[in-house]
Amino acid sequence: MLSADETYASLAGAWRLMLGKADGLRLLDLSADGFWNSFFAIVVAAPALIVGWVGIANEIGDPNAFAGRFSMLLRLATVDIGSWVLPLVALALIAPRAGIGGRFVHYVVASNWASAIIAWLMLPSALIRLFLPSTDEVSGLVSLLLFALSIVLTWRMTNAVIGRGAAVGTAVFAGMFVASLAVLFGLQALLGITIPTEAGT
């Protein structure tokens, strides 16, 4: 487990990268240990993610059975963690051929910590979903705005980390975005999850 100071430095570095400042890499541990430790970001993100899972599980799980809602929560967790990790595995396979092998570790470390920030950034949307109907216009608008902001910040982080210009950075961003969606929808189908459009994240 990372210390509080190490976690703070990693989050601060990722945030600077999300603002498009490449010097954020200096705050990240890019060693082999730092690479594996960056997956601790999943633990950092977990409280915010759980709020979202609970909200969706309450909407689409069996309202009369705790076991049904808990089972749905576990399946939602599997989908989110899978869509976080599996695209990184795919990137490991193609990064050398794509000419960005030297930036793979940089990207994974930065992406993991940035994903934790995004999870907390999306928390207001998840909280609104818990207390307002899923069809509420405010909930939908907040979700849309925060999602758009997360896309912009992730794109800037990717460009700053890859450091090969906007074209290459955008290609990596687009590829990872598509891979994440593919894993997301694939796991949802595999696990029998159907999320109404208005309840989606």
Inset, instruction - Report the C-alpha distance between Leu121 and Leu153 in whole Å, list the side-chain angles of each, state the deciding distance to 0.1 Å, and finish with yes or no for side-chain contact (heavy atoms from CB on, under 4.5 Å). - result: CA-CA 11 Å; Leu121 179 68; Leu153 292 174; 4.1 Å; yes
Inset, instruction - Could you walk me through whether Leu74 and Trp53 pass the side-chain contact (heavy atoms from CB on, under 4.5 Å) test, one step at a time? - result: CA-CA 8 Å; Leu74 292 179; Trp53 300 335; over 6 Å; no
Inset, instruction - Go through Leu17 and Leu28 one step at a time and tell me if the side-chain contact (heavy atoms from CB on, under 4.5 Å) criterion holds. - result: CA-CA 10 Å; Leu17 290 167; Leu28 302 180; 3.8 Å; yes
Inset, instruction - Could you go through the side-chain contact (heavy atoms from CB on, under 4.5 Å) check for Met157 and Met18 one step at a time? - result: CA-CA 4 Å; Met157 179 276 295; Met18 293 166 79; 3.9 Å; yes
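Shortest non-hydrogen contact noted between Gly24 and Arg16 is CA-CB, 3.9 Å. Across all non-hydrogen atoms, the minimal contact from Ala14 to Ala110 is CB-O, 4.1 Å. When all heavy atoms of Leu49 and Ala119 are compared, the pair lying nearest together is CD2-CB, 4.0 Å. In this structure, Gly34 and Val109 approach most closely via the heavy-atom pair O-CG2, 4.0 Å. When all heavy atoms of Leu88 and Ser111 are compared, the pair lying nearest together is CD2-OG, 4.4 Å. The shortest heavy-atom contact between Trp84 and Ala116 is CH2-N, 3.9 Å.
Counting only distance, with no hydrogens or angles, the side chain of Arg103 and the backbone of Val161 share a donor-acceptor pair below 3.5 Å. With hydrogens and angles disregarded, no donor-acceptor distance shorter than 3.5 Å links the side chain of Arg69 to the backbone of Ala57. Under the 3.5 Å distance criterion, the side-chain polar atoms of Arg75 are matched with a main-chain donor or acceptor of Leu191. One N or O on the side chain of Ser83 and one on the backbone of Asp80 form a donor-acceptor pair closer than 3.5 Å. At least one donor-acceptor pair closer than 3.5 Å links the side chain of Ser38 to the backbone N or O of Phe35.
Leu144 and Trp155 are not part of a single hydrophobic cluster, where members link through side-chain heavy atoms under 4.5 Å apart. Under the 4.5 Å side-chain contact rule for hydrophobic residues, Val178 and Leu184 do not share a cluster. By the criterion of side-chain heavy atoms lying less than 4.5 angstrom apart, applied directly or through intervening Ile, Leu, Val, Met, Phe, Trp or Tyr residues, Trp15 is not grouped with Leu27; the two fall into different hydrophobic clusters. Transitive grouping of hydrophobic side chains (ILVMFWY, heavy atoms separated by less than 4.5 Å) keeps Phe39 and Tyr8 in distinct clusters. Leu146 and Val152 fall into different hydrophobic clusters, where Ile, Leu, Val, Met, Phe, Trp and Tyr are joined by side-chain heavy atoms under 4.5 Å apart, directly or via other members.
With rounding to the nearest 0.5 angstrom, the CG atom of Asn37 is 4.5 Å from the CG atom of Leu2. Put simply, CD1 on Ile128 and CG on Leu141 are 9.0 Å apart, with the number rounded to the nearest 0.5 Å. Between Ile100 atom CD1 and Thr158 atom OG1 the span is 9.5 Å, to the nearest 0.5 Å. Taken from OG1 in Thr170 to CG in Asn159, the straight-line distance is 5.0 Å, to the nearest 0.5 Å. In this structure, CG on Leu181 lies 10.0 Å from CD on Gln188, to the nearest 0.5 angstrom. To the nearest 0.5 Å, the span separating CD1 on Ile193 from CG on Leu76 amounts to 4.5 Å.
A donor-acceptor contact under 3.5 angstrom links the side chains of Ser31 and Asp29, judged on distance only.
Counting heavy atoms from C-beta outward, Val85 and Ile42 have side chains that approach closer than 4.5 Å. Contact annotation: the side chain of Ser125 never approaches that of Phe147 to less than 4.5 Å [non-hydrogen atoms, C-beta and beyond]. For the pair Met176 and Leu91, the minimum side-chain heavy-atom distance is below 4.5 Å.
Using the six-membered ring where Trp is involved, Phe177 and Phe173 have ring planes that are parallel, under 30° apart on the 30 and 60° scheme.
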